[in-house]
Amino acid sequence: MHDKDCARGLARMEGYLLWNAEIEDARRRATRLTDQLPWLTSAQREDVERVYVADRAAASRETLTRIAERAAELRGEYTARYEQLRMRCVAATLVATAGLGGTGAALAVLAR
């Protein structure tokens, strides 16, 4: 249980750091954009940067949500596929074991 809590905590921290990096990147890009518009007043510049960062954050959140949903779908598909393959391997092992047992029994009977 402790290991799962640690892993969950580390994953949350990683997500937090990645999200903050994404927001910081959006801020840098917003500043670069407004630097190309020297006629903006300070208030206009701040508004453009705020709107740009908000738009970029929303787009990033939508993208991350789609990626997370797809990852969950794939996890389900791969888990189901793994279970099918595992059942086939178990069945093949049982058939092979039964076949070898039957062959051994037949040889024992013939050897008498």
_Distance check, rounded to the nearest 0.5 Å: R45 atom CZ versus L33 atom CG?_
9.0 Å
*Where is the tightest heavy-atom contact between D5 and R8, given as atom of each residue plus distance?*
OD1-NH1, 3.2 Å
*Is R50 salt-bridged to D47, cutoff N-O under 4.0 Å?*
yes
*L85 versus R81: any side-chain heavy-atom pair under 4.5 Å?*
yes
*If every non-hydrogen atom of W39 is compared with every non-hydrogen atom of Q44, which pair is closest and at what distance?*
O-OE1, 4.2 Å
*For residues W19 and A57, report the shortest heavy-atom separation together with the two atoms involved.*
CH2-O, 3.4 Å
*Of the non-hydrogen atoms in R56 and D25, which two are nearest, and what is the gap between them?*
NH2-OD2, 3.0 Å
*With rounding to the nearest 0.5 Å, note down the distance linking CZ in R86 to CD in Q84.*
12.5 Å
*About how many Å separate CZ of R70 and CG of L74, when rounded to the nearest 0.5 Å?*
4.0 Å
_Residues that R66 engages under salt bridge (charged side-chain N to carboxylate O under 4.0 Å, His left out), provided they are two or more places apart_ = none
*In Å and rounded to the nearest 0.5 Å, what is the CG to CD distance from L40 to E46?*
11.0 Å
